Amino acid sequence: MYSFMGGGLFCAIIGNILLVVSTATDYWMQYRLSGSFAHQGLWRYCMSGKCYTQTDSIAYWNATRAFMILSAMSCFAGIIAGILSFAHFSTFERFNRSFAAGIMFFISTLFVLLAMAIYTGVTVNFLGKRFGDWRFSWSYILGWVALLMTFFAGIFYMCAYRMHECRRMASPR
């Protein structure tokens, strides 16, 4: 049970770091504009070595930003619940913290999936047609890797919960 929780905690910490780095950096998409290379993230875009804040309030950017932030926050809450699940307090007998941590990691996975789907859909259908020579970049890829890490953290914590429940049911009262 503790090895599942340890593996889940490792995946969750790596996933949360990747979520924060992916959200904060400016390399979600790279493209060529007027002969020079440019790149953009969720908060800024850079052209010819100068970066500018994205001041446009475009719905898909706002939705992607919001879902990425919610994903990082729910992953952090899952990490706290996951750390607390190592401690056994008798006052929380009916509330299993490893189950709560697993649910928080699955919620984080859902939020990052929504963010990545929105960004991918709009980029491929709108921006991809506007810029001829473009590609997704490493910040975007980190978002997908974070999705996998939070998903596996949820799987590990749900396995730990199942092992705990099977042991609890098998023990005589």
Side-chain angles (χ1 to χ4, degrees), residues 1-29 40-44 54 57-124 136-171 173:
M1 178 174 87
Y2 289 114
S3 57
F4 279 127
M5 289 172 25
L9 197 57
F10 174 77
C11 287
I13 290 170
I14 297 299
N16 204 23
I17 290 169
L18 293 177
L19 282 169
V20 170
V21 170
S22 174
T23 304
T25 54
D26 300 327
Y27 285 89
W28 280 61
M29 181 176 145
Q40 72 179 23
L42 299 178
W43 309 98
R44 299 185 318 167
Q54 299 217 25
S57 182
I58 300 174
Y60 89 94
W61 271 331
N62 291 339
T64 304
R65 291 172 187 157
F67 283 130
M68 289 298 284
I69 291 169
L70 286 171
S71 178
M73 288 171 46
S74 60
C75 186
F76 184 74
I79 290 171
I80 299 300
I83 290 170
L84 290 176
S85 69
F86 281 99
H88 296 288
F89 296 116
S90 61
T91 56
F92 291 117
E93 190 64 34
R94 295 183 53 105
F95 176 72
N96 194 302
R97 287 176 294 274
S98 60
F99 181 77
I103 293 298
M104 291 307 295
F105 295 135
F106 285 136
I107 290 170
S108 177
T109 301
L110 175 67
F111 283 147
V112 74
L113 178 65
L114 288 171
M116 301 306 286
I118 290 168
Y119 188 84
T120 303
V122 172
T123 300
V124 169
F136 291 115
S137 193
W138 60 269
S139 297
Y140 174 81
I141 294 167
L142 287 182
W144 283 109
V145 174
L147 178 135
L148 291 174
M149 297 303 281
T150 57
F151 178 73
F152 285 121
I155 293 290
F156 282 135
Y157 268 92
M158 286 301 167
C159 288
Y161 169 71
R162 291 291 296 164
M163 285 185 70
H164 175 72
E165 284 298 306
C166 289
R167 286 184 184 162
R168 191 173 67 92
M169 296 301 223
S171 67
R173 295 196 173 208

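Remember, predicted model here, so these are calculated numbers, not experimental data.
Considering every non-hydrogen atom in both Phe4 and Ala160, the closest pair reads CB-CB, 3.8 Å. Closest non-hydrogen pair, Ala81 versus Arg97, comes out as O-CB, 3.8 Å. Shown here for Ala72 and Val20, the closest heavy-atom pair between the two residues is CB-CG2, 4.5 Å. Heavy atoms only, all atoms of each residue included: Gly41 and Trp28 are closest at CA-CD1, 3.9 Å.
Between the CE atom in Met29 and the CG atom in Leu42 there is a gap of 12.5 Å [rounded to 0.5 Å]. Here the CE atom belonging to Met68 is positioned 9.0 Å from the OG atom belonging to Ser108, to the nearest 0.5 angstrom. The CG atom of Leu18 sits 12.0 Å away from the CD1 atom of Ile141 when rounded to the nearest 0.5 Å. Of the inter-residue distances, the one linking Leu147 atom CG with Ser71 atom OG reads 8.0 Å to the nearest 0.5 angstrom. Expressed to the nearest 0.5 Å, how far CZ of Phe156 lies from CZ of Phe151 amounts to 11.0 Å. The structure places SG of Cys75 at 12.5 Å from CG of Leu70, a figure rounded to the nearest 0.5 Å.
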Would you be so kind as to tabulate the donor-acceptor pairs closer than 3.5 Å made by side chains of residues 6-16, with sequence neighbours excluded?
none

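More than 12 heavy-atom neighbours from other residues, nucleotides or ligands sit within 6.0 angstrom of CZ on Phe106.
Residues satisfying the side chain to side chain donor-acceptor pair (under 3.5 Å) criterion with Ser22, sequence neighbours excluded, are absent altogether. Every residue two or more places apart in sequence or in another chain that forms a side chain to side chain contact (heavy atoms under 4.5 Å, CB included) with Trp138 is listed here: Val21, Thr25, Tyr27, Leu142. Under the side chain to side chain donor-acceptor pair (under 3.5 Å) criterion, Trp144 pairs with Tyr140, not counting sequence neighbours. Scored by the side chain to side chain contact (heavy atoms under 4.5 Å, CB included) test, Tyr60 finds Gln40, Ile58, Thr64, Ile118, Tyr119, Val122, Leu127 as partners (sequence neighbours excluded). The side chain to side chain contact (heavy atoms under 4.5 Å, CB included) test applied to Ile103 returns Phe99, Ile107, Met158, not counting sequence neighbours.
When side chains are defined from C-beta on, Phe67 does not count as touching Leu110, because their heavy atoms never get closer than 4.5 Å.
A distance-only check finds a donor-acceptor pair linking the side chain of Ser85 to the backbone of Gly82 [under 3.5 Å]. Side-chain atoms of Trp43 do not come within 3.5 Å of backbone N or O of Arg65 as any donor-acceptor pair.
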